[in-house]
Number of protein chains: 2
Amino acid sequence: MTITRRERLRTATVSEIKEGARRLLVSGGPQAVSLRAIARDMGMTAPAIYRYFPSLEALIKALADDLIDELAATVTAAGEAAGDDPTAQLGAMARGFRRWSIEHPVEFGLIFGTPNPAFGDLQAECGPEDPGARFGRPYLATFLRLWERSPWPTPPRELMEAHLGPHLEPLWLSQGELPIEVAYTFLSGWSRLYGLVAMEVFNQLRWAVTEPEALFEVELAMFLIQLGAAPD
Amino acid sequence: MTITRRERLRTATVSEIKEGARRLLVSGGPQAVSLRAIARDMGMTAPAIYRYFPSLEALIKALADDLIDELAATVTAAGEAAGDDPTAQLGAMARGFRRWSIEHPVEFGLIFGTPNPAFGDLQAECGPEDPGARFGRPYLATFLRLWERSPWPTPPRELMEAHLGPHLEPLWLSQGELPIEVAYTFLSGWSRLYGLVAMEVFNQLRWAVTEPEALFEVELAMFLIQLGAAPD
DNA sequence: ACTGCGCGCTAACACTGCTTGCATAGTAAA
DNA sequence: TTTACTATGCAAGCAGTGTTAGCGCGCAGT
């Protein structure tokens, strides 16, 4: 079970390749990520990379996986740094998500943007360990804690169970049983957070708003109030 | 001012090129759109296309522009077919947006997805005739009609003017003066619509929901009720 | 009839992902 | 220590890409 020298070198090389890929991604966009460029940057030749990844697509996929973990860790840390109040935690996590996304727009695009068939359909497999599930878990956990402490108003339970209930099996499977009110509020909140941040990162709001942060803060405040937080 | 034969042929060729590009885009994703493939499909050679577009990037941009117009027309038509009630119109326009997006996922990605630097920063220019503005206008007009007929509850006006007001100049510029309540509700609603549809098209919901339409309908109903529509 | 512009072609350059075959260096067993 | 093996790198090459340069043909206007 000891780690041999070769394994150590190998994982180091794998990391170096992914780092190079990310550097190129950030500096030149997705099109700039080429095997030959990565290899050139690390003083290798392109075919050598095939000893570590079966294809460029697989490399990008591995990189995207790392990025999801990085984002999830950032969001979780933001929540933990926000004290004990679950609504404060949710606010901090939402802001953490937005901040990371704005500071890493190209990485955001890789994770949450157009699923490029050539860059691999990152959403092909969707078992309980789907990237989305890994990323949504901390949010869901916080919603659940808040719900158990003090429920908030939602649409009538029967209505949600009739319309939404039959289509939530994947969620139950990956996150365990949850009150449907929590599931609905999470999905609603997550789609609103995603929409606002994606529009900002993808420059889809510039024609209307100069400072998307203002809109974000208003929306966040409204959402948290709906969850029972005290207004500002 | 008459249209010469040459001009007629030229615009026909331009259309044929864009049609070929779209065909390739739909069948093989963004990566499949290559000058040589387009030219091959229409019995030409690649360099000939440079007589019509200065680069592949410009071609894609022109195509995206056409697609935005197609989508805007679809949405407007859906609204007009929904009768006189503005809330019904808004519902129909939202459903129209979702339907077109789902039926044309790759085109949706080109318009609203990751702004690929290599495919042109479609959001670089943002005057009053920005694509987003052209697309948002029909929605805004309908929101305004509804507001004048019967306002709905919103956050306090002073609060919105303090936080949002200073950052809405582009919106005023492109759409004229509007009550800030209308501007806010439009932006909020548009980001929610975008978020939900983008997540569905980009397969970002499959880990949680099998039938995103159900979630969409619930959210739409909640939003319209908030606007004063009668619940189902 | 002649001039010029519009348009399409071939050839070429500099890239890309990926495969094949060969050499080398490090590891592990005899 | 010697032998066998495996992991890793390389050069060469294939098929494809966007783009440029230069040539030639034919339609359009004078």
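Lettering of chains follows the sequences in order, A, B, ..., and the numbering in each one begins at 1.
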For the side chain of Ala46(B), starting at C-beta, report the closest nucleotide among dG17(C), dG9(D), dT19(D).
dT19(D)

Please report the distance, rounded to the nearest Å, between CZ in Arg51(A) and P in dT20(C).
12 Å

Using only atom types and a distance under 3.5 Å, with no angle test, would you say the side chain of Ser174(A) pairs donor to acceptor with the backbone of Ala133(A)?
no

Using a distance-only test with no angle check, is there a side-chain donor-acceptor pair under 3.5 angstrom linking Gln89(A) and Tyr139(A)?
no

Tyr184(B) backbone acceptor or donor facing Ser188(B) side chain under 3.5 Å
no

Using atom CE of Met42(A) as one end and atom C1' of dT8(D) as the other, report the distance to the nearest whole Å.
12 Å

Send over the distance from Gln31(B) CD to dC18(C) P, rounded to a whole Å.
11 Å

Give a yes/no answer on whether the side chain of Thr45(A) brings an N or O atom under 4.0 Å of OP1 or OP2 in dC10(D).
yes

Nearest to the side chain of Ser34(A), heavy atoms from C-beta on, is which of dC10(D), dT19(D), dT16(C)?
dT16(C)

Write down the distance between CZ (Phe53(B)) and P (dT19(D)), rounded to a whole number of angstrom.
13 Å

Separation of Glu16(B) atom CD from dG8(C) atom C1', in whole Å?
14 Å

Of the listed nucleotides (dT17(D), dT19(D), dG9(D)), which one gets closest to any side-chain atom of Arg40(B)?
dT17(D)

Whole-Å gap separating P (dG26(C)) and CG (Leu9(A))
10 Å

Give the nucleotide from the list dG8(C), dA12(C), dC10(D) with an atom nearest to the side chain of Met44(B).
dG8(C)

From CD1 of Ile60(A) across to C1' of dG17(C) the rounded distance in Å is 12 Å

Nucleotide nearest Leu35(B) (side chain, heavy atoms from C-beta), chosen from dG18(D), dC18(C), dC10(D):
dG18(D)

Under 4.0 Å between any heavy atoms, over every strand shown, what does Thr13(B) touch: base, sugar-phosphate, or nothing? Just pick one.
nothing

Starting at CG of Leu56(B) and ending at C1' of dT16(C), how long is that distance when rounded to a whole Å?
15 Å

Please determine if a side-chain N or O atom of Arg10(B) lies less than 4.0 Å away from the OP1 or OP2 oxygen of dC7(C).
yes

Using a cut-off of strictly less than 4.0 Å, decide whether Tyr52(A) has a side-chain nitrogen or oxygen near OP1 or OP2 of dG9(D).
yes

Sidechain N-carboxylate O distance under 4.0 Å for Arg98(A), Glu213(A):
yes

Euclidean distance, Leu187(A) CG relative to Phe143(A) CZ, rounded to 0.5 Å
9.5 Å

For a quick test of reading the model: is some side-chain N or O of Tyr50(B) closer than 4.0 Å to OP1 or OP2 of dG8(C)?
no

Under 3.5 Å donor-acceptor pair, Arg36(B) side-chain atoms to dG16(D) base atoms
no

